[in-house]
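The structure under discussion appears below in the form of structure tokens.
Each residue takes its place number in the sequence, starting with 1.
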Amino acid sequence: MNFDVSSPIKYAGTIVEYLDQGRLRAALVTREQERHLAVIDSAGHERLVPRDLVLMRHPDRRADREDVAEALADLERERAELAAELDLQLLWEVAQEQGRSFSAAELAELFFGRRSNAAASVMLEALLGDRIYFVRRHMDFVPRTPDQVERLRMQNDRIRARSDDYRKIQKQLRDVLNGAEMPPAAEAAAIIEELSRYLKNPFTRSRDMTQMLAQAAPEVDPAEAAFEILERLGARPRVPRFAFIAGLKDEFSAAVMKEAAEAVPGPRAISDGGYAVTVDDDDTVEVDDALSCEALADGGMRVRVHIALVADFVIKGGAMDQEAAARATTVYLPETTIRMLPDPISCRAASLIAGEDRPVLTTDVRLSADGALVESSIYPARIPIMRRLDYDQVDRILESGACADDDAATVSRLHGAAIGLRQRRRTAGAILVQRREAKVRVHGDDVEISVVDNASPGRTLVAEFMVLSNFVAARYAAENRIPIIYRVQPQLGGDPASQRPRLSLHPEYHAGIGLDFYAQLSSPIRRYADLVMQRQLLGALKNRDNQTPIYTVDELLTVLAGAENAEASGRELERRAKRYWTLRYLERHALDGPILAYVAREGQSAELADFAVRGTLHGAPTLPNQMRIMVQVSRVDPLRGWLAFDFVGPADEASTGAIRAV
């Protein structure tokens with residue numbers, strides 16, 4: 001045995017053993033360099049090995065390139081026989097009585113009763129891998145005390161048992177998710193207990209369990225996989241699926257509810273808000289905005305956009321404000337809605353309910369006869385909300401063309417102005433993409449799906465005036481150097497649709513919307529960033545000579561970071577939830593017959609007409625986008641979000657889906 005490979009002894013033609021990933025590898029030295037040895041292994045592969053990694057030398061075993069494989073095989077056979085005899089526990093029991101350190105060669109002689117390079121090699125490799133009986137001190141080894149060995153044995157047993165249990169539980173989780181054999185009742189109960197605890201608090205979820213779930217279903221969010229396993233084991237939590245998965249709270253603290261009950265807006269005299277109407281979905285209870293308009297003598301129009309003045313009810317730094325900041329946004333899920341603010345504020349006191357007086361922040365604009373923005377102002381007010389309409393009612397009014405009452409006259413004027421505003425933005429380069437969108441509602445085991453056409457006249461009307469109001473507020477803030485959070489999408493060349501909008505403290509052009517300034521202040525009931533912007537603007541309007549804003553730049557940066565994260569995670573959760581429940585519906589009802597769809601991506605995918613959900617399309621030739629076709633569902637997996645269709649053929653004009661959302 002020789003560790004001094006830097007000595008002048010020649011190693012060429014000698015078999016050595018070097019350390020490689022914790023193991024000793026035998027090889028023949030073919031040539032020497034100053035700091036390296038060139039070696040060749042039994043397969044004839046040559047490599048350079050640093051001299052300090054060579055731990056064993058076998059001067060009695062010499063070979064050349066022709067017989068290296070045989071020489072190394074002889075050494076390996078001898079080492080295997082010796083390794084089969086070695087018992088480190090028995091060796092430790094003898095060595096620890098002597099109370100001193102040993103070299104690997106000395107321990108080999110002590111155990112095997114003879115001194116040989118092969119025995120020393122086997123002993124050295126075993127000692128390098130030992131974590132219980134000996135402590136390494138450079139190239140000497142010291143026996144541990146009996147107490148140390150016992151403690152390490154117990155720890156090792158726990159790790160081994162844990163490793164075995166880990167693999168066993170991981171296999172059970174995978175089997176449940178893949179529809180294979182269910183675990184025995186006792187083991188299933190343990191899994192149910194562990195997963196229930198795992199889902200209870202998203203901030204204390206076990207890293208080991210997260211890893212096991214991720215490995216059991218790599219394409220599924222671990223929390224979602226946990227919920228699915230509980231459901232398949234018959235222990236589905238009686239809570240909304242995706243709210244529970246995301247750890248969203250549906251209840252508010254006592255302090256928040258107390259503040260909401262006692263919230264009283266500041267005194268504002270009732271003013272003329274015009275014939276203010278709200279336009280929303282028929283089931284909307286958080287009503288953020290209302291519109292009023294009147295024709296002007298010069299052929300132009302005065303339009304007022306009234307936004308719920310939530311800042312009058314939610315005090316900066318109060319309990320409600322802190323909770324709203326933590327939630328950041330209202331999340332709309334098929335099973336439930338997790339509101340940013342408690343119902344007494346979001347659905348009643350601040351909501352623009354028809355027949356009630358409400359505080360609002362009004363954007364008052366005058367449009368010319370050709371739709372140009374002539375002048376604008378922003379001010380707080382308190383106005384009566386005259387009427388509530390839903391989108392379907394507005395669409396019917398516009399389709400009829402009648403202006404028989406105040407509702408119809410207001411809607412007709414607003415629609416005409418909205419078309420002009422929209423055309424101006426289109427001319428400025430706005431990207432007006434409005435996909436059909438599924439509206440999914442879940443009640444127990446019943447799934448209801450309808451398709452929302454975002455390009456409908458009523459939705460276009462409201463959207464254009466929200467854009468206009470946001471533009472006016474952003475421009476006012478920029479011109480008066482009021483710090484706010486802008487939404488920007490600079491025109492950097494190429495396709496604007498491929499350049500994601502972002503939030504910024506500096507005003508810039510928004511290419512996607514086609515406006516020089518843009519911010520979002522139109523939804524303060526359900527977006528915390530909008531509430532903050534409303535407060536900032538309101539403070540500036542109230543104290544025009546005071547240069548100290550309600551929020552500093554540092555505070556806005558904190559809000560900005562929270563807003564970006566919350567919006568992204570909220571949108572992704574809503575998307576996953578809608579797709580999951582839509583696929584659940586299709587899994588139950590859509591596997592037997594052809595369904596009407598529209599071509600997307602020139603035949604690579606298709607979108608179901610009655611469900612606004614896309615999937616991969618197989619067997620179709622190259623087809624024009626939006627062509628009506630019939631497809632058959634070939635694969636659907638709600639958990640993983642997988643949906644695939646087989647192409648059946650073109651659809652005739654009378655074709656409808658074989659099923660319809662109820």
Answer yes or no on whether [X] is positioned over the face of [Y], meaning its NZ or CZ is under 6.0 Å from the six-membered ring centre and within 45° of the axis.
| X | Y | value |
| --- | --- | --- |
| R459 | Y391 | yes |
| K316 | Y551 | yes |
| R339 | F252 | no |

Euclidean distance, [Y] [atom2] relative to [X] [atom1], rounded to 0.5 Å:
| X | Y | atom1 | atom2 | answer |
| --- | --- | --- | --- | --- |
| L537 | L541 | CG | CG | 5.0 Å |
| E375 | L367 | CD | CG | 10.5 Å |
| L617 | R601 | CG | CZ | 10.5 Å |
| F517 | Y476 | CZ | OH | 14.0 Å |
| S522 | H306 | OG | NE2 | 14.5 Å |
| L389 | D407 | CG | CG | 5.0 Å |

- salt bridge (charged side-chain N to carboxylate O under 4.0 Å, His left out) between E356 and R348: does it pass, once the steps are laid out? CA-CA 10 Å; E356 302 287 344; R348 293 191 283 278; over 6 Å; no

- Which residues satisfy the salt bridge (Lys or Arg N to Asp or Glu O under 4.0 Å) test with R571, sequence neighbours excluded? E567

- Taking only residues two or more places apart in sequence, or in another chain, which ones meet D364 in a salt bridge (Lys or Arg N to Asp or Glu O under 4.0 Å)? R302

- Message: Could you walk me through whether R382 and D312 satisfy the salt bridge (charged side-chain N to carboxylate O under 4.0 Å, His left out) test, starting with their C-alpha distance in whole Å, then the side-chain angles of each, then the deciding distance to 0.1 Å, before giving a yes or no?
- Response: CA-CA 11 Å; R382 185 178 183 86; D312 268 13; over 6 Å; no

- Considering residues, nucleotides and ligands other than E262, do more than 12 of their heavy atoms fall under 6.0 Å from its CD? yes

- Has the side chain of N480 got a donor or acceptor atom that lies under 3.5 Å from a matching backbone atom of I482? no

- Query: Can any side-chain N or O of Q534 pair as donor or acceptor with the backbone N or O of A311 at less than 3.5 Å?
  - Reply: yes

- Item | Over all atoms of both residues, closest heavy-atom pair of S292 and L414 | O-CD2, 4.5 Å

- For the pair R304 and E294, evaluate salt bridge (charged side-chain N to carboxylate O under 4.0 Å, His left out) and give the outcome as yes or no after the intermediate values. CA-CA 9 Å; R304 281 171 280 184; E294 57 190 86; 3.0 Å; yes

Are [X] and [Y] close enough for a salt bridge, meaning some N to O gap below 4.0 Å?
| X | Y | answer |
| --- | --- | --- |
| E464 | R424 | no |
| R396 | E399 | no |
| R535 | D321 | yes |

- Among N470, L556, L538, which residue meets the side chain to side chain contact (heavy atoms under 4.5 Å, CB included) test with M533? L556

